[in-house]
Amino acid sequence: YTHIYTVDKLVPQLVSSSAYPWGGYDQSYSLAEHEARAMDAALFVSEFGNGPGDDGKLLAAQVVEEERHRTGFAFWTWKENGANGWGVYAPSSSVDQSAGCLRADRERLLARVYPRATSDAAATFHYDSTNGGFILRATGRAAEPSTVVYVPPEVTGQLTFGGAASGVVTEADDGSRLAVVSPAGGAFTVTVAPAPLVPAGC
């Protein structure tokens, strides 16, 4: 919880928020990666978040770092009641509803295309939340396990495969898509073309 439970908030007379985190948001992920490797464990961010007013500064920066470090995450919180909440859903305006509408900016940042599995430990990928575009670059030998890419329902761009691989796309009932890509021996790509995002809304 950068700028909330970090040193710049705890001792502001000693550390300025404008200069923290030192070196950018990368530092906590780099340290966590070293620790995870030492334990031979996967790295997963089990809770993070910020007030909605700071999404452009904090949330946008955090999800990019999680992508760079190929780290899964769970955002806190999903739904809540009461005013000034932090949830992905806005607080409810009625006692008959558990929550209000999805916060559009949060939905845009958190509904991301990402690989669920790949055999290539050096694979790279990037999702652009401003236009829904995505590209994964990987290499694989024939008969290696497939690379699996998840595309949320908000992302509508065309899925294509390039290079030494073939793929199959299936669509779930909620509109999300799953691309299962089989390497054929060499470099390949999985691409989602930029297209207007379709938020779920209320």
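Side-chain contact check for Leu43 versus Glu33: some heavy-atom pair is nearer than 4.5 Å.
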Take Val198 and Glu154 through the test side chain to side chain contact (heavy atoms under 4.5 Å, CB included) and record every step on the way to the result.
-> CA-CA 5 Å; Val198 180; Glu154 291 86 349; 5.6 Å; no
Begin with the C-alpha distance, continue with both residues' side-chain angles, and end with the deciding distance and a verdict on side-chain hydrogen bond (donor to acceptor under 3.5 Å, both in side chains) for Asp54 and His3.
-> CA-CA 10 Å; Asp54 289 327; His3 305 311; over 6 Å; no
Pair Thr2-Gln62, side-chain hydrogen bond (donor to acceptor under 3.5 Å, both in side chains): steps then yes or no = CA-CA 9 Å; Thr2 306; Gln62 294 286 8; 3.2 Å; yes
Start with the C-alpha gap between Tyr20 and Val7, add the side-chain angles, then the distance that decides, and say whether side chain to side chain contact (heavy atoms under 4.5 Å, CB included) holds.
-> CA-CA 8 Å; Tyr20 184 87; Val7 65; 3.6 Å; yes
Let me see the working for Leu136 and Tyr114 under side chain to side chain contact (heavy atoms under 4.5 Å, CB included), right down to the final yes or no.
-> CA-CA 9 Å; Leu136 175 141; Tyr114 66 92; over 6 Å; no
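Residues Leu31 and Val45 fall into different hydrophobic clusters, defined by Ile, Leu, Val, Met, Phe, Trp and Tyr side chains chained together at heavy-atom separations under 4.5 Å. Hydrophobic clustering places Val169 together with Val113 (ILVMFWY residues linked when any side-chain heavy atoms are closer than 4.5 Å, directly or through intermediates). Both Phe75 and Tyr29 belong to a common hydrophobic cluster when Ile, Leu, Val, Met, Phe, Trp and Tyr are linked at side-chain heavy-atom distances under 4.5 angstrom. Hydrophobic clustering places Phe188 together with Phe125 (ILVMFWY residues linked when any side-chain heavy atoms are closer than 4.5 Å, directly or through intermediates). Residues Leu59 and Tyr89 fall within the same hydrophobic cluster, defined by Ile, Leu, Val, Met, Phe, Trp and Tyr side chains chained together at heavy-atom separations under 4.5 Å.
Smallest separation of non-hydrogen atoms from Leu10 and Tyr5: CD1-O, 4.0 Å. Of all heavy-atom pairs spanning Pro115 and Phe134, the tightest one is CD-CZ, 4.4 Å. Of all heavy-atom pairs between Ala60 and Gly56, the closest is CB-O, 3.6 Å. What you find for Glu67 and Tyr127 is that their closest heavy atoms are OE2-N, 2.8 Å. Between Val192 and Gly132, the shortest heavy-atom contact is CG1-O, 3.7 Å. Heavy-atom minimum distance, Ser129 versus Arg112: CB-NH1, 4.2 Å.
Partners of Thr130 according to the side chain to side chain donor-acceptor pair (under 3.5 Å) rule, which considers only residues two or more places apart in sequence or in another chain, are Asp128. Listed by chain and number, the residues in a salt bridge (Lys or Arg N to Asp or Glu O under 4.0 Å) with Glu66 amount to none (sequence neighbours excluded). Here Ser166 pairs with nothing under the side chain to side chain donor-acceptor pair (under 3.5 Å) rule; sequence neighbours left out.
Aromatic pair Trp76/Phe48: ring centres not closer than 6.0 Å.
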Using residues 102-110 as the side-chain source, report each donor-acceptor pair under 3.5 Å to any protein atom, sequence neighbours left out, with the distance given to one decimal.
residue, atom, partner, partner atom, Å
Arg103, NE, Gly87, O, 2.7
Arg103, NH2, Gly85, O, 2.9
Arg106, NE, Asp55, OD1, 3.1
Arg106, NE, Asp55, OD2, 2.9
Arg106, NH1, Trp86, O, 2.2
Arg106, NH1, Gly87, O, 3.3
Arg106, NH2, Asn50, O, 2.5
Arg106, NH2, Asp55, OD1, 2.9
Glu107, OE1, Ala200, N, 3.3
Glu107, OE2, Ala200, N, 2.6

Donor-acceptor pairs are to be reported for all side-chain atoms of residues 155-162 against protein atoms at under 3.5 Å, with residues two or more places apart or in another chain.
residue, atom, partner, partner atom, Å
Thr156, OG1, Pro196, O, 2.9

Which atom pairs, one a donor and one an acceptor, fall under 3.5 Å between side chains of residues 143-152 and the rest of the protein, sequence neighbours left out?
residue, atom, partner, partner atom, Å
Glu144, OE1, Arg141, N, 2.9
Glu144, OE2, Arg141, NH2, 3.3
Ser146, OG, Ser182, OG, 3.4
Thr147, OG1, Thr118, OG1, 2.9

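Side-chain N or O atoms of Ser30 include none that pairs as donor or acceptor with a backbone N or O of Ser28 at under 3.5 Å. Using modelled atom types, one side-chain atom of Arg70 and one backbone atom of Ala121 make a donor-acceptor pair closer than 3.5 Å. Without hydrogens or angle criteria, Asp120 side chain to Ala138 main chain gives no donor-acceptor distance under 3.5 Å.
Within 6.0 Å of CD in Glu35 there are 12 or fewer heavy atoms belonging to other residues, nucleotides or ligands. Heavy-atom neighbours of Arg177 CZ from other residues, nucleotides or ligands within 6.0 Å: above the threshold of 12.
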